2 protein chains.
Amino acid sequence: MRRTDLGGANCPIARSLDEIGDWWTLMIVRDAFRGARRFSEFQRGLGLAKNILSVRLRKMLDDGILELVPAAGGGAHREYQLTDKGLRLRVILVAIRQWGEDHLFEAGEPMMVMVGKEDGQPIGRLRLTSKDGRSIDPWDIDVKDGVRGTEDVG
Amino acid sequence: MRRTDLGGANCPIARSLDEIGDWWTLMIVRDAFRGARRFSEFQRGLGLAKNILSVRLRKMLDDGILELVPAAGGGAHREYQLTDKGLRLRVILVAIRQWGEDHLFEAGEPMMVMVGKEDGQPIGRLRLTSKDGRSIDPWDIDVKDGVRGTEDVG
DNA sequence: CCGTATCCATTCCGATACTG
DNA sequence: CAGTATCGGAATGGATACGG
């Protein structure tokens, strides 16, 4: 996404979109969460050309979303694995998923669902909250200049 | 996004990405949340060519993300307004924003922040939860076949 | 099996000019 | 102001062939 290059902007949305605001990247992350670890797994799961997958995977390695690690089973090859930064994309995928479930499917239509490993139940809905945990409606939010405070991390 | 057209897939992520998985669309939504309502406002805010903006806005109208309404001030023209479906994209923007804040900014670097209209405080972090409200880690989630149950709405 | 290199078609974007 | 029409250049995507 080059456009007029907003990558250096001080808007976290613009900067994020420059890195992951691309169809394939998020689909690769989706498959990684599903357990895909090898080149061929991503390729079969997504049905994209190898050259494209190659470029995307390398960029995601460069961006620190994926990393290459020795094969889990002890094979000679290496496998792709989500970094912590990549794992944190799960929230975005869930948000996208829940929006799609609400607005892009008919009732009764089959779909893939996310369930907690522990209870096997569909995960809860994401909620916008104020600092003290109360729910906020989508329109009760403003945007203003600020600074990343270290105390906000975590 | 044409690719191999996953739009009809039963994966909500793929289907969502087919509709909003595009750089400009989410940036337009971002500006709409910031208060942009007119063609020229979007154009100035995003710095994109008019022909592109024109196509994007029309598609978003078709998709029911935006709608045209009589000018708020009583002017002769009409203005773009987020539909309910569009307003629900706020959660996705917040998820994208928080990820970017965490991984794409240095401490102390200036950035735009979202604050609750009511208390003026930065909004809380999105949390993945199980059905009963307990927090879930990003890796403690599985994906399986399912159906959109009407009882899950809301 | 894991990629890279090449080629071609399509799409996307920006600039500009133009209409109502 | 709010778009539409056109054009050329750049990037993207798919297919295929090739190399480690």
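Because the structure is a prediction, the values reported are computed rather than measured. In the text below, chain A, chain B and the rest are named by the order of the sequence lines, each starting its count at 1.
- Backbone-only engagement by B:Y80 is indicated by non-hydrogen atom pairs under 4.0 Å involving sugar-phosphate atoms exclusively.
- Taking 4.0 angstrom as the limit, B:W24 places a side-chain polar atom (N or O) nearer than this to OP1 or OP2 of C:dC13.
- Put simply, CG on B:L61 is 13 Å from C1' on D:dA2, counting in whole angstrom units.
- OP1 or OP2 of D:dC1 has not a single side-chain nitrogen or oxygen of B:S40 nearer than 4.0 Å.
- One finds a salt bridge joining A:R15 and B:E109 here, because a Lys/Arg side-chain nitrogen approaches an Asp/Glu carboxylate oxygen to under 4.0 Å.
- Regarding contacts with the backbone of C:dC13, a side-chain N or O of B:R56 is found under 4.0 angstrom from either OP1 or OP2.
- Residue-to-nucleotide contacts include no donor-acceptor pair under 3.5 Å from the side chain of A:N51 to the base of D:dG13.
- Figure legend: B:R90 and B:F33 shown as a cation-pi pair, the cationic atom lying under 6.0 angstrom from the six-membered ring centre and within 45 degrees of its axis.
- Among the protein residues, B:R58 comes within range of the sugar-phosphate backbone only, with heavy atoms under 4.0 Å from sugar or phosphate atoms but none that close to a base.
- A straight line from NZ of B:K50 to P of D:dA5 spans 13 Å, rounded to a whole angstrom.
- Contact between A:K85 and A:I65 at its shortest, heavy atoms only, is CE-CG1, 4.3 Å.
- Rounded to an integer number of Å, the gap from A:I52 CD1 to C:dT6 C1' is 14 Å.
- Phosphate proximity of C:dG3 to A:R38: absent, as no side-chain N or O sits under 4.0 Å from OP1 or OP2.
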